[in-house]
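A quick write-up on the structure given underneath.
Everything numeric here is computed off the predicted structure, so don't read it as measured data. When a ligand or atom number is given, it counts from 1 through the structure's own listing order.
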Amino acid sequence: MHSQRHTPASHDVPGSDDATHAMIDLGRWLFYDPRLSANEHIACASCHRQELGFSDGHATPVGVTGMPLPRNAPGLFNSAELPALTWADPARTRLAQQVAHALFATQPPEMGAAGNERAILERLRADPAYPPRFAAAFPADADPVAWPRVIEALAAFAGSLSARDTPYDRAVYQGDDDAMTPEARRGMALFFSPGLACGRCHVDIVPPDRATPPRWSDLAYLATGAGRSADRGLAQITGDPSDAYRFRVPPLRNVAVTAPYMHDGSLPTLDAVVRFYESGGRAGAGAEPERLAARHPLVAGFVLSDDERRDLIAFLHALTDERALRAPEFADPFAAPE
Ligand code: HEC
Ligand code: HEC
């Protein structure tokens, strides 16, 4: 299962003509607009906040009806580059699929648009600002204020969320040796060391010598032992017991701002994540034998001094694009109308 090839979500990434700009702009307004939800209280941005890398700061979020969602809300930066979306569904390859899920899912509902389709479109039509934005984004449409276009525009905005201007990227790709602090550089060496092996799985982070990392598609879903819930990860989709407790290897850019961590948000800080790996993937005394048995052999435990642990965490902080967390082109347009 884990060696299956995926179609990258990147075909949702828009080009650069005027209609495309208009589509991304429309998508930004819709992303921050709670009128898209059943009770007009929840926007995409309720669970995906820019300053948190478009995660939400909670272990697991609550949908429009107050029902909790089973999994942590991941950050959205660079998600168009991922081979598949969500923590454990290899078939969810397109941003538009995930957008439609957020809008129309009922088990449990996220935004609760199902059953309210006409009322929500009427809200958008009644706001004099929206019809011209839809018309600019979809100039060939006779009646562009329609659900397929809402979904397309939201996917275009999500696909535009790129955040790669990090100290790590400046050091590795631009040869700027001063971009990373000495602590972060020591932490990077630990990250790629055979004893810790972080870099063997987290393939969006490439070694400083730019050696070819393993392919994401080969590693997409692995078991670390993390988690406290009954969620069996990839096995819930495939039904294959050997897929139990496998989750997508998450991208680590901007990870310092997307706490809490893991598919169920069960580890509150990066310090807790590192200690979890130090212990060989034992998340507390109560870990079930089945979950422990599923762990990948690379999650075997190791010993760190306090200084080394600090260095490793400093490296994880060097993966943050500070500008993108405040970039006006990704920010709430209702808060600062242009
Ligand atoms: C109630 C909270 C909530 C709302 C509202 C919400 N999301 Fe999400 N989003 C999540 C959760 C939770 C996940 C992870 C789901 C999973 O792994 O099964 C997710 C996953 C995603 C992903 C995949 C990210 C990745 O790394 O795989 C994208 C893209 C996304 N959401 C975009 C949106 C958009 C666009 C909207 C608005 C239409 C939206 N979300 C509304 C909670 C929410
Ligand atoms: C066997 C492959 C593997 C190894 C080795 C590994 N990871 Fe992970 N990592 C994963 C997977 C899979 C997840 C998601 C687990 C889950 O959600 O249940 C994860 C999750 C994480 C997260 C949480 C990300 C988030 O968005 O919630 C961080 C941080 C992290 N790993 C850092 C590290 C560090 C640091 C090391 C080395 C000490 C390491 N990983 C070693 C596969 C691995």
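Every atom of ligand 1 is numbered from 1 in the order shown, and the set under 4.0 Å from a heavy atom of L85 is 27 (O). Listed by number with element, the atoms of ligand 2 under 4.0 angstrom from any heavy atom of A226 are 18 (O). Taking every non-hydrogen atom of L82 and a distance limit under 4.0 Å, the qualifying atoms of ligand 1 come out as 26 (O). Per-residue contacts place E110 under 4.0 angstrom from the following atoms of ligand 1 (heavy atoms of the residue considered): 3 (C), 4 (C), 6 (C), 7 (N), 42 (C), 43 (C). Less than 4.0 angstrom separates some heavy atom of N72 from each of these atoms of ligand 1: 12 (C), 14 (C). Short contacts between ligand 1 and L69, defined as distances under 4.0 Å to a heavy atom of the residue, involve ligand atoms 1 (C), 2 (C), 12 (C), 42 (C). Which parts of ligand 1 touch L95 is read off a 4.0 Å heavy-atom cut-off, strictly below it: atoms 29 (C). The V273 neighbourhood of ligand 2 comprises atoms 28 (C), 29 (C), 30 (C), with distances under 4.0 Å to a heavy atom of that residue. Atoms of ligand 1 lying under 4.0 Å from at least one heavy atom of M111, given by number and element, are 5 (C), 37 (C), 38 (C). Listed by number with element, the atoms of ligand 1 under 4.0 angstrom from any heavy atom of A73 are 11 (C), 12 (C).
Proximity of R92 to ligand 1, defined as any heavy-atom pair under 4.0 Å, is not found for any part of the residue. Contact annotation for I42 and ligand 1: only side-chain heavy atoms (C-beta onward) come within less than 4.0 Å of the ligand. Counting heavy atoms closer than 4.0 Å to ligand 2, residue L270 contributes side-chain atoms (C-beta onward) but none from N, CA, C or O.
Within the structure, the closest approach of V274 to ligand 2 does not fall below 4.0 Å when heavy atoms are considered. Within the structure, the closest approach of G227 to ligand 2 does not fall below 4.0 Å when heavy atoms are considered. Within the structure, the closest approach of P70 to ligand 1 does not fall below 4.0 Å when heavy atoms are considered. Residue contacts with ligand 2: Y245 is excluded, as none of its non-hydrogen atoms falls under 4.0 Å. Contact analysis puts W87 in contact with ligand 2, with a non-hydrogen atom separation below 4.0 angstrom.
Atom 12 (C) of ligand 1 has its closest protein heavy atom at R71 O, 3.1 Å. Of the protein's heavy atoms, C44 SG, 3.6 Å lies nearest to atom 34 (C) of ligand 1. The protein heavy atom nearest to atom 17 (O) of ligand 2 is H263 N, 2.7 Å. Nearest protein heavy-atom contact of atom 7 (N) of ligand 1 is H48 NE2, 2.9 Å. Given atom 36 (C) of ligand 2, the protein heavy atom at minimum distance is C198 SG, 2.8 Å. Atom 14 (C) of ligand 1 has as its closest protein heavy atom P74 CD, 3.4 Å. The shortest contact between atom 20 (C) of ligand 1 and any protein heavy atom is with Q98 NE2, 3.3 Å.
The backbone N or O of A272 sits nowhere less than 3.5 Å from a side-chain atom of R275 that would complete a donor-acceptor pair. Of the possible polar contacts, one joining the R326 side chain to the E322 backbone as a donor-acceptor pair under 3.5 Å is found. Between the side chain of R149 and the backbone N or O of F134 there is no donor-acceptor pair closer than 3.5 Å. Between the side chain of E81 and the backbone N or O of S79 there is no donor-acceptor pair closer than 3.5 Å. The backbone N or O of E40 sits less than 3.5 Å from a side-chain atom of S37, completing a donor-acceptor pair.
Selection from P61, A102, A80, C47 by nearest heavy atom to atom 4 (C) of ligand 1 gives C47. When the options Y261, Y277, F276 are ranked by their closest heavy atom to atom 19 (C) of ligand 2, first place goes to Y277. One option in T86, V62, V99, D33 has a heavy atom closer to atom 27 (O) of ligand 1 than any other, and that option is T86. Of all the listed residues (N78, L76, V150), L76 holds the heavy atom that lies closest to atom 30 (C) of ligand 1.
Side-chain contact check for S305 and D307: no donor-acceptor pair (N or O, by modelled atom type) lies under 3.5 Å. Counting only N and O atoms by type, the side chains of S242 and D240 include a donor and acceptor under 3.5 Å apart.
Between F77 and F54, the distance separating the two ring centers is shorter than 6.0 angstrom. Under the 6.0 Å cut-off for aromatic ring centres, F315 and F191 qualify, their centroids lying closer than that.
Geometrically, R133 engages Y130 in a cation-pi contact defined by less than 6.0 Å to the ring centre and at most 45° from the axis.
L325 is not listed as a side-chain neighbour of D321, based on a closest heavy-atom distance of 4.5 Å or more. At a threshold of 4.5 Å between non-hydrogen side-chain atoms, the residues I120 and R35 do not count as touching.
No more than 12 heavy atoms of other residues, nucleotides or ligands sit less than 6.0 Å from atom CZ of R200. Other residues, nucleotides and ligands contribute only 12 or fewer heavy atoms inside 6.0 Å of the CZ atom of R228.
Backbone or side-chain N, O or S atoms of H202 reach atom 8 (Fe) of ligand 2 at under 2.8 Å.
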